[in-house]
Number of protein chains: 2
Amino acid sequence: MVKETSTYSISELAKEFGVTTRTIRHYEELQLLLPERQGQKRIYSLADRIKLKLIVRGKRIGLSLQESGELIHMYEPGRSNVDQLERTVEYIGASRQKLSQQLRDISTMLDELDKAETGCKAELESLRKAANKE
Amino acid sequence: MVKETSTYSISELAKEFGVTTRTIRHYEELQLLLPERQGQKRIYSLADRIKLKLIVRGKRIGLSLQESGELIHMYEPGRSNVDQLERTVEYIGASRQKLSQQLRDISTMLDELDKAETGCKAELESLRKAANKE
DNA sequence: ATTGCAGTTTACGTTAACGTAAGTTATATT
DNA sequence: AATATAACTTACGTTAACGTAAACTGCAAT
C-alpha cells in the first residue's frame with residue numbers, strides 16, 4: 001500500500017525519516033523547508049518531502065545543512081539568467097569533486113576494515129587452537 | 001624527495017594535513033593522539049601521523065572524532081582476549097554497513113547532479129539561441 | 001464538560017569541534 | 001644581550017544542530 005495523498009503532517013514525515021518534529025521545524029527556521037499552513041498547522045507537500053529526503057541523505061554523508069540547502073536550491077526555480085546558471089554548473093562540478101573524493105576515502109576505509117577483520121579472525125583462530133590444546 | 005626521519009613536529013603535521021596546531025592538540029585532549037615529549041615539545045611518530053591521516057580522512061566522510069577514535073582503537077593492541085576480538089569484528093561489520101550506505105547515498109547524489117547539470121546546460125543553450133535571434 | 005492528543009510558539013540549554021587571545025618558555029640567530 | 005620563532009598552557013568564545021521545557025491552541029472522544 002502506497003500513500004495516495006500528496007500532503008503530510010509534520011509527525012508523519014518525522015516518523016518516516018527517523019527525526020524529531022523539532023528537527024523538521026529547525027530546518028524550516030533555516031529556510032530549508034517552507035510548508036504551507038492550514039491555520040497554525042504545517043502541511044508538507046511532496047516537494048517538501050523530497051527536500052527532507054535530500055537533507056537526511058546529505059547528513060548521512062556528512063553534509064552540513066548549509067550545503068544541503070545549496071543543493072536544494074539547485075533543483076529549484078532560480079534558473080532565471082545565464083550568470084546564475086553558470087554558477088550552478090560550477091557548483092555542480094565542485095560538488096562532484098567532493099563526492100568523488102569521498103568515494104575514494106570510503107574505498108580506502110573499506111579496504112582497511114577488510115585487513116583489520118582478517119587480522120582479528122586469524123587471531124581468534126589461533127586463540128581457539130591454543131584453548132583446545134589445554 | 002621523501003622524508004627519511006620518522007618523527008614530526010606539530011607544525012609539520014599541521015601543514016601536511018591542512019589543519020591548525022590547535023586542532024592537533026585538540027585531538028590529543030580527546031586522546032586520539034598521544035605523542036612523545038622532548039621536554040615540553042610534542043614529538044609525533046609515524047604511527048601518530050597515520051592516525052592523524054585516518055582522522056582527517058574520517059572527517060571528509062563525516063565521521064565524528066569519536067567514531068574515528070574507535071576506528072583507531074581497532075588497529076591497536078587491544079587484541080588481548082576473545083571477547084574483545086569478537087566485539088571488534090562486530091564493530092567492523094557495522095562500520096562496513098554504514099560505509100556501504102554512504103556509497104549508495106553518494107551514487108544517488110552523483111546521479112542527481114548529472115541530471116541537474118544536463119538540465120542547466122540545456123537551459124543555457126536555449127537561452128543563448130534566444131539571444132542570437134535578437 | 002473535560003480529558004487527551006497533535007500541533008504550535010518562545011526561549012534557554014547542550015554537545016562537538018575547534019577558534020582566539022594572553023601570557024610563558026626554549027632555542028636559534030643576528 | 002636582544003630578538004625572533006616555534007613551541008607551550010590556560011581559559012574563555014563561537015558555531016552548528018538540535019534538545020528540552022513551558023505554556024498555549026484546536027479538535028475528538030469519552
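Just the heavy atoms: all of them, side chains too, but no hydrogens, waters or symmetry mates, feed the values below. Naming convention: chains lettered A, B, ... in sequence-line order (proteins, then strands); numbering from 1 in each chain.
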Taking the side chain of [X] as heavy atoms from C-beta outward, which of [options] is closest to it?
| X | options | answer |
| --- | --- | --- |
| B:Ile10 | C:dT8, D:dC8, C:dC18 | D:dC8 |
| A:Leu65 | D:dA17, C:dC18, D:dA6 | D:dA17 |
| B:Tyr27 | C:dC18, D:dA17, D:dT9 | C:dC18 |
| A:Thr20 | D:dG19, D:dA7, C:dA17 | D:dG19 |
| A:Gln40 | C:dC18, D:dT25, D:dC8 | D:dT25 |
| B:Lys41 | D:dC18, C:dT8, D:dA7 | D:dA7 |

Ionic contact status for [Y] with [X], cut-off 4.0 Å:
| X | Y | value |
| --- | --- | --- |
| B:Asp111 | B:Lys115 | no |
| B:Glu70 | B:Lys98 | no |
| A:Arg128 | B:Glu86 | yes |

Are OP1 or OP2 of [N] and a side-chain N or O of [X] less than 4.0 angstrom apart?
| X | N | answer |
| --- | --- | --- |
| A:Arg37 | C:dT9 | yes |
| B:Ser9 | D:dA6 | no |
| A:Arg42 | C:dG7 | no |

Using a cut-off of 6.0 Å, state whether more than 12 heavy atoms not belonging to A:Gln66 lie near its atom CD.
-> no

